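These notes concern the structure reproduced below.
Counting starts at 1 for both ligands and their atoms, in listed order. Note that the structure is a prediction, hence the values are computed from the model and not measured.
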Amino acid sequence: MAVYTDINEVELKEFLQAYDTGTLLSFKGIAEGVENSNFLLHTDRFPLILTLYEKRVDENDLPFYLGLMQHLAERGLSCPLPLPRSDGALYGELCGRPAALISFLEGMWLRKSEARHCRELGAALARMHIAGQDFSIRRENALSLKGWVDLWDKSAARADEVQTGLESEITDELALLEDRWPVDLPEGVIHADLFPDNVFFIGDELSGLIDFYFACNDFLAYDLAICLNAWCFEKDGAFNVTKARALIEGYQSVRPLNAAEIEALPLLARGSALRFFLTRLYDWLTTPEGALVVKKDPLEYLRYLRFHRSVKSAGEYGLS
Ligand SMILES: Nc1ncnc2c1ncn2[C@@H]1O[C@H](COP(=O)(O)OP(=O)(O)O)[C@@H](O)[C@H]1O
Ligand SMILES: N[C@@H](CCOP(=O)(O)O)C(=O)O
């Protein structure tokens, strides 16, 4: 459960004094999520999400994340809108943590998605990329090549505890990606964590995107590669090319990929699989037994990585 910091009514009411929210009626912790502590608040005016930023979120990045949500929402993308305090600041402090209020988004994430949902997702991702083009703040991707090397340095020695042979396999993979990683693809603001639990639907219609706390500047097609991994493998590990085709078609219906992006897709998918493998492996090795958070399986992403290694061209993702 992702409530790392407990709050009480007295502290919360004091925090809310800096905002124009109306009267607090109730609040409760939200069990889902991994990174931050989230609470659902009801006031006599509107529901709100309160987020207390925990270990992986650097306070210096909050103007980027919160400013980005504001920027995208102003351009018509359905995503949470930060509520400013009366002094204009987008976040304050609660229980010693930076904390923000954002609007509550209706909808639910899909436990079981179909190709039609992937098509909607692709279109929404491309709309986000276009809406983000004129966002003025930059944030480098801390979880690209250099971040992968840092994570691997901290995990490699114990990797074979998780699966024999991992240390050598991942060392080789990292070396290859460092050697071949693209340098000149179209760039912009990417979400970088658009997993099913961060995409809300009402019925079959996509109602919004949440959780922008990995967003950064990187190759736009890398974001699509992240979605290929997060949305297009079935529970048994099989790659669902129908979903992949729908995802990419949905994306291209809004923002066509150029030839270099298409050619780079298998490599970007490998890099994306490695990125989530590495954060999961690090968490797997370092999260204490009995911690409240559910550890995610790194080997799931090792299987995806191996799949992409066998892909010869983006045609295998359903691109015609
Ligand atoms: N703006 C929002 N509107 C509605 N629910 C939200 C919103 N933001 C977060 N949530 C709820 O909180 C959960 C965790 O949020 P998330 O941002 O994914 O947390 P974390 O960054 O800790 O992974 C989501 O699965 C959702 O249930
Ligand atoms: N999507 C990542 C973990 C981050 O979780 P989120 O709740 O912030 O989306 C993974 O699956 O490894």
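- Counting protein heavy atoms only, atom 1 (N) of ligand 2 is closest to D193 OD1, 2.7 Å.
- Against a heavy-atom cut-off of under 4.0 Å, I30 is close to the following atoms of ligand 1: 11 (C), 12 (O), 13 (C).
- For atom 7 (O) of ligand 2, the closest non-hydrogen atom of the protein is D197 OD2, 3.4 Å.
- Between F307 and Y304, the ring center distance fails the sub-6.0 Å criterion.
- Ligand 1 places these atoms under 4.0 Å from at least one heavy atom of N198: 18 (O).
- Residue contacts with ligand 2: N198 is included, with a non-hydrogen atom under 4.0 Å away.
- Ring centroid separation for the pair H308 and Y317 comes in under the 6.0 Å cut-off.
- Note that the CG atom of D297 and the CG atom of D283 stand 12.5 Å from one another [nearest 0.5 Å].
- The main-chain N or O of T51 is never found under 3.5 Å from a side-chain atom of N38 such that the two would form a donor-acceptor pair.
- Atoms of ligand 1 lying under 4.0 Å from at least one heavy atom of P80, given by number and element, are 1 (N).
- The closest side-chain donor-acceptor pair between D211 and H191, if any, does not fall under 3.5 angstrom.
- The proximity of L40 to ligand 1, defined as any non-hydrogen pair under 4.0 Å, does not occur for either the backbone or the side chain.
- Close to ligand 1: S103, with a non-hydrogen atom less than 4.0 angstrom away.
- Close approach of ligand 1 to L105 is summarised as follows: ligand atoms under 4.0 Å from at least one heavy atom of the residue are 1 (N), 2 (C), 3 (N), 4 (C).
- When D211, T51, L48 are ranked by how near their heavy atoms come to atom 18 (O) of ligand 1, first place goes to D211.
- Ion pair E140/K146 not flagged as a salt bridge, since none of the NZ, NE, NH1 or NH2 atoms sits closer than 4.0 Å to an Asp/Glu carboxylate oxygen.
- Closest protein heavy atom to atom 11 (O) of ligand 2: R280 NH2, 2.6 Å.
- Aromatic ring centres of F212 and Y65 lie farther apart than the 6.0 Å criterion allows.
- Residue N36 places at least one N or O, backbone or side chain, under 3.5 Å from an N or O of ligand 1.
- Using a 4.0 Å cut-off between charged side-chain N and carboxylate O, R97 and E11 make no salt bridge.
- Counting only heavy atoms of the protein, atom 3 (C) of ligand 2 lies nearest to K296 NZ, 4.1 Å.
- Considering both main-chain and side-chain atoms, E35 comes within under 3.5 Å of ligand 1 through a nitrogen or oxygen pair.
- In terms of polar-atom proximity, I49 is not counted as a contact of ligand 1, lacking any N or O under 3.5 Å from an N or O of the ligand.
- Atom CZ of R306 sits in a crowded spot, with more than 12 heavy atoms from other residues, nucleotides or ligands closer than 6.0 Å.
- Atom 8 (O) of ligand 2 has as its closest protein heavy atom D211 OD2, 2.8 Å.
- Remark: of the listed residues L305, L145, L143, I226, L143 is the sole one forming a side-chain contact (heavy atoms from CB on, under 4.5 Å) with R275.
- Taking a cut-off of under 4.0 Å to the non-hydrogen atoms of N38, the atoms of ligand 1 that pass are 14 (C), 15 (O), 16 (P), 19 (O), 22 (O).
- Of all atoms in ligand 1, listed by their number and element, those nearer than 4.0 Å to a heavy atom of I102 are 1 (N).
- Residue contact annotation: F200 has a non-hydrogen atom under 4.0 Å from ligand 1.
- Shown in contact with I210 at under 4.0 Å from a heavy atom are these atoms of ligand 1, numbered in order with element: 9 (C), 24 (C).
- Summarising the local packing, OH of Y282 is surrounded by 12 or fewer heavy atoms from other residues, nucleotides or ligands at distances under 6.0 Å.
- When ring centroids are compared, Y53 and Y213 come within the 6.0 Å threshold.
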